[in-house]
Structures are given as structure tokens and as C-alpha cells.
There are 2 protein chains.
Amino acid sequence: MSQHTAYTASRSPEFALLGFLAAGPPTHGYDLHRRLTDELGQVWHASQSQTYAILARLEARGLVCSTVVEQARLPARRLLELTPAGRAQFEAWLAAPTGASIRAIRVDFITRLYFAARLHPELAPGMVQVEINAARAVLHDLQTDLAATPAVEQRFNRLALELRIRQLSAVIDWLNTCTIPEGDSHATSGPPALP
Amino acid sequence: MSQHTAYTASRSPEFALLGFLAAGPPTHGYDLHRRLTDELGQVWHASQSQTYAILARLEARGLVCSTVVEQARLPARRLLELTPAGRAQFEAWLAAPTGASIRAIRVDFITRLYFAARLHPELAPGMVQVEINAARAVLHDLQTDLAATPAVEQRFNRLALELRIRQLSAVIDWLNTCTIPEGDSHATSGPPALP
DNA sequence: GGAATATACTCATCGAGTGAGTAGCTGGAG
DNA sequence: CTCCAGCTACTCACTCGATGAGTATATTCC
């Protein structure tokens with residue numbers, strides 16, 4: 001299909017950076033890094049140099065292209081623009097379901113929601129439901145694994161599995177709160193109550 | 001204190017490998033990799049070559065030393081042994097509290113419990129309690145962050161924070177199950193109940 | 001006898017991530 | 001009015017994480 005295998009849990013904010021370019025006018029690395037830390041700072045953590053490295057790779061792969069723009073007094077900017085290939089990859093990533101690992105949901109899925117809200121807001125509720133179903137399936141697998149793990153020799157693998165099960169259950173609870181219509185979001189529903 | 005800054009959430013199984021050497025006789029990379037995947041496979045995932053790379057780095061840092069042992073018919077083994085420096089670092093890591101991030105607990109903390117159970121079983125309950133307190137403190141910080149995050153412009157940072165809060169709460173619940181005395185572990189307490 | 005699996009390790013390559021550096025401009029405190 | 005902090009904008013060097021393929025012999029099982 002595409003040159004690259006799949007969208008299974010990218011571990012760098014490359015699609016977030018593509019997304020800023022897909023959802024707005026061409027801009028430069030410094031600004032993209034600022035927006036990443038301002039608007040998705042609880043989701044992604046990339047240093048400035050890391051951001052530039054990712055952008056260089058995206059350009060090497062032909063997903064963005066750049067032109068250097070001199071400025072009167074400030075340093076020159078490398079203005080970045082999405083290529084058609086870049087836009088296609090981004091849209092494909094946005095449409096594909098997130099892998100149901102916990103990290104993937106915390107990071108990729110929230111990013112997808114963020115850009116869906118800006119580009120295709122009508123798709124968001126369906127995305128949440130797809131994730132819920134995927135997470136339920138993974139939860140079931142984990143419980144099967146747990147049942148197949150002997151209590152004595154594998155005590156610590158069991159502990160790890162039990163923790164993952166609890167975490168995934170928490171994810172599903174959280175996903176259920178994401179389906180609440182976002183119209184009057186701040187009025188009635190408080191943050192998740194905790195004792 | 002030591003040459004390296006701190007034990008804040010190592011992201012490779014280096015201490016697990018040191019631990020196998022600390023808790024047993026000298027052995028070789030192939031065996032260490034097998035034990036890592038068999039006994040802590042739900043905690044760490046390292047390819048074989050990754051394991052060898054880590055061991056090479058540990059040797060370069062002087063934490064292990066190696067001697068090549070020829071065998072009659074099978075490939076030669078590089079027999080690995082903990083140096084005094086390596087043992088000291090491992091014991092220091094075992095005694096230091098795990099950083100309270102979710103990943104750190106799922107990975108580092110379970111590993112510490114695993115080796116504590118083998119080397120200093122009397123310390124385990126205290127370790128759990130220390131983690132619970134640390135996690136409660138982090139939870140409090142997250143809730144403070146959430147309260148300080150505006151609902152409108154920062155909607156997705158809020159979502160991420162809410163998820164982290166739920167996950168950390170799940171971690172604390174799980175930690176509380178770890179304090180149950182491990183004598184009659186398999187009899188009464190089932191796995192975490194899930195609807 | 002031939003395929004699969006086990007033993008034991010090596011190498012090349014790429015991406016993640018850090019930290020420091022460069023260098024001119026702007027705004028406010030003293 | 002001057003100096004320093006901080007902003008704008010990007011670069012470089014380096015280490016570690018991670019994958020995948022390769023090497024070469026030995027046993028096991030059908």
C-alpha cells in the first residue's frame with residue numbers, strides 16, 4: 001500500500017507535525033515545535049533539536065518540502081509545506097485505527113482526536129467507539145494470557161499482566177468519557193472524581 | 001555519588017541483566033537473554049542483539065567482565081561476571097525508589113520487586129509502600145496541573161492529564177494488591193475483577 | 001535424509017533523544 | 001543608555017534503543 005509498513009504506534013510526533021501542516025498554512029520548525037509543546041505538551045515531549053531531526057527525516061522521505069526564507073533582522077526560516085504524499089500519509093494515519101496498546105492510546109489516539117476535531121469533527125465519536133472495541137478485545141486477550149500464566153513460577157509476569165489489565169480498564173473508562181458530546185463540555189461534567 | 005546521574009526510569013533492561021548476574025552464578029549472553037524473556041517477558045522486551053549490545057555497554061562501563069570459554073562442539077561462550085562496581089550499582093538501584101511515572105512502575109519497579117524477592121525478601125513490603133506514597137504525591141501533582149489547565153484552549157492536554165490520572169489511580173490500586181502477603185497467594189485472591 | 005529447532009554470537013543500519021552551541025534581535029531594569 | 005535576560009531560528013556531535021539479517025554448528029524428530 002504505502003512504502004512504510006503500518007501505523008502501529010509511531011513513537012515520535014511525526015504525524016503531529018504533519019498534522020499542524022495539514023491543518024494550517026505552511027510554517028517553520030521553530031513554530032511547529034512551539035505548537036507541539038503548547039497544544040500537545042501533555043501528549044508529546046520532543047526537544048527542539050528532536051523536532052528538527054524529525055522534520056529533516058520527513059523531508060528526506062518526501063512528505064514535506066522546504067524553502068529557505070531570509071528575513072530582514074531575524075534568522076532565516078526554513079518554511080515547510082506538506083507535499084501531496086505527505087497529506088495522503090497523514091490522512092491515512094488519521095483514518096486508521098490506533099493500535100490498542102496503552103501508550104498508543106495515550107499518545108497516538110489523543111493526537112488523532114486533536115486533528116480530527118480540527119479537520120473532520122464529525123468523525124470523532126466513531127473513532128472513540130472503534131478504540132473502545134479494540135481495547136476491549138486486547139483486554140480479553142490479556143485476561144486469557146493471565147489465565148494461562150502459572151501463579152508460582154511466573155509470579156512477576158502475572159503481576160505485570162495484572163497491572164496492564166488494570167491500566168487498560170482505566171483506559172476504557174476514560175474512552176467512555178470521551179464520547180460525551182463536546183458542545184457544553186465545561187459546564188456540568190467535572191474531572192474524573194478521585195477519592 | 002556514582003558516575004551516572006540517577007536511576008530515574010532506565011529504559012533498557014540493563015539492571016535486570018545485572019540482577020541475574022547478582023543473584024546467580026556467572027553466565028553468558030544467550031542464557032541471560034533467555035531468562036529475561038522467560039521470567040520477565042511481560043516486563044521487558046529486548047531482542048537478542050539488543051541484549052548483547054547492552055551487555056557490551058555494561059562491560060565498557062566496567063560493571064561486568066567477561067572471559068571467552070571454548071566449548072567442544074558448540075559455539076564459544078563469553079562468560080559474564082559482575083564486577084564489584086557492577087554489584088554496587090545494582091544494589092544501589094535496588095535500594096533506590098523507582099521514579100513514580102507509570103512506565104517506571106510497570107517496568108523498573110516490578111523488576112526491583114523480582115530481584116528483591118530473590119536477594120532481600122524482607123524489603124519488599126517497604127518498597128511497595130514507598131511506591132504507593134510516591135505515586136500518591138505524583139497523583140496530587142497531576143490533579144493540580146489539571147486544575148490549572150484551561151478547559152477550552154487546552155482541551156486535549158486536559159484529556160491527556162485525565163487519562164494519566166486514571167492510569168495512576170489504577171497503578172495505586174494495583175500497588176495495594178502487591179502488599180498482600182505472598183505466602184498463600186493463589187488460593188483466595190482472584191485476579192482483578194473486571195465487568 | 002532432510003527440515004526444524006537450539007546454541008551462541010556478530011554486524012550494519014536507523015531512529016530516538018540529549019545537550020551544547022551559534023548568533024542576531026528585543027525589551028525591560030537599573 | 002547600557003547591559004543582561006530571553007526570544008527567534010536553526011545546527012552539530014554523540015550516545016543509546018531497536019530491528020533484522022547473517023553465521024555456523026548441533027541435535028532432534030519425522
Side-chain angles (χ1 to χ4, degrees), chain A residues 3-18 20 26-38 41 43-61 63-64 66-80 101 103 107-108, chain B residues 3-17 26-38 41 43-61 63-64 66-80 101 103 107-108:
Chain A
Q3 290 185 334
H4 283 272
T5 48
Y7 304 109
T8 46
S10 60
R11 49 185 63 260
S12 86
E14 56 180 65
F15 286 106
L17 297 172
L18 290 178
F20 287 125
T27 184
H28 52 101
Y30 186 87
D31 181 53
L32 288 171
H33 178 253
R34 182 155 25 81
R35 282 154 73 178
L36 189 66
T37 53
D38 286 357
V43 180
W44 296 103
H45 299 280
S47 65
Q48 200 190 34
S49 52
Q50 177 69 359
T51 301
Y52 283 108
I54 294 163
L55 291 171
R57 243 176 289 132
L58 292 175
E59 186 163 12
R61 283 195 227 154
L63 306 183
V64 304
S66 71
T67 48
V68 173
V69 178
E70 297 292 336
Q71 296 187 104
R73 310 185 173 279
L74 287 168
R77 292 172 169 175
R78 181 175 290 270
L79 203 65
L80 295 158
S101 83
R103 182 197 147 83
V107 170
D108 277 69
Chain B
Q3 289 185 333
H4 283 273
T5 48
Y7 304 108
T8 46
S10 59
R11 48 184 61 260
S12 86
E14 54 180 67
F15 286 106
L17 296 172
T27 184
H28 53 101
Y30 186 88
D31 181 53
L32 288 172
H33 178 253
R34 182 157 22 84
R35 282 155 74 177
L36 189 66
T37 54
D38 286 356
V43 180
W44 295 103
H45 301 279
S47 66
Q48 201 189 34
S49 51
Q50 178 69 0
T51 302
Y52 282 108
I54 294 163
L55 291 171
R57 241 175 290 131
L58 292 176
E59 185 162 13
R61 284 195 227 152
L63 305 184
V64 305
S66 72
T67 49
V68 174
V69 178
E70 297 293 337
Q71 296 187 105
R73 308 185 174 278
L74 288 168
R77 293 172 168 175
R78 181 177 289 270
L79 203 66
L80 295 157
S101 85
R103 182 197 148 83
V107 171
D108 277 69

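Lettering follows sequence order; numbering is per chain, from 1. Side chains are part of it too, since the values below use all heavy atoms of this structure and drop only hydrogens, waters and symmetry mates. Fair warning: this is a prediction, and the values are worked out from it, not measured in the lab.
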How many Å lie between CZ on A:Arg73 and C1' on C:dG27, as a whole number? 15 Å
Any heavy-atom pair between the side chains of A:Gln48 and A:Arg34 that's under 4.5 Å? no
Please report the distance, rounded to the nearest Å, between CD in A:Glu59 and P in D:dT11. 10 Å
Whole-Å distance separating the CZ atom of A:Arg35 from the P atom of D:dA9: 13 Å
Measuring from the side chain of A:Ser49 (C-beta onward, heavy atoms only), which nucleotide among D:dG17, C:dA20, C:dA16 has the closest atom? C:dA20
Rounded to whole angstrom units, what separation is found between the CZ atom of B:Arg103 and the P atom of C:dA16? 15 Å
B:Ile54 CD1 to C:dT10 P, in whole Å, measures 15 Å
Restricting to nitrogen or oxygen on both sides, can you table the protein-nucleotides 4-8 of chain C pairs closer than 3.5 Å?
{"unit_1": "C:dT7", "atom_1": "OP2", "unit_2": "B:Tyr30", "atom_2": "OH", "d": "2.9"}
{"unit_1": "C:dA8", "atom_1": "OP1", "unit_2": "B:Gln71", "atom_2": "OE1", "d": "3.3"}
{"unit_1": "C:dA8", "atom_1": "OP1", "unit_2": "B:Gln71", "atom_2": "NE2", "d": "3.0"}
{"unit_1": "C:dA8", "atom_1": "OP1", "unit_2": "B:Arg77", "atom_2": "NE", "d": "2.8"}
{"unit_1": "C:dA8", "atom_1": "OP1", "unit_2": "B:Arg77", "atom_2": "NH2", "d": "2.9"}
{"unit_1": "C:dA8", "atom_1": "OP2", "unit_2": "B:Arg77", "atom_2": "NH2", "d": "3.1"}
{"unit_1": "C:dA8", "atom_1": "O3'", "unit_2": "B:Ala76", "atom_2": "O", "d": "3.1"}

Just by distance, do the side chain of B:Tyr52 and the backbone of B:Ser47 share a donor-acceptor pair under 3.5 Å? no
dist B:Ile54:CD1 -> B:Ser12:OG (nearest 0.5 Å) comes out at 4.0 Å
To the nearest 0.5 Å, what is the distance between CG (B:Leu55) and CD (B:Gln50)? 10.0 Å
Rounding to an integer number of Å, can you tell me how far A:Glu14 CD sits from C:dG15 P? 9 Å
Interatomic distance where CZ belongs to B:Arg57 and P belongs to D:dC16 [whole Å]: 6 Å
What are the two closest heavy atoms between B:Thr51 and B:Ala46, and how far apart are they? OG1-CB, 3.9 Å
Can you tell me if A:Ser12 touches the phosphate of C:dG15, counting only side-chain N or O atoms and a distance under 4.0 Å to OP1 or OP2? no
Please state how far atom CZ in B:Phe15 lies from atom C1' in D:dG17, giving the value in whole angstrom units. 16 Å
Which residue, B:His33, B:His28, B:Arg35, forms the side-chain hydrogen bond (donor to acceptor under 3.5 Å, both in side chains) with B:Asp31? B:Arg35
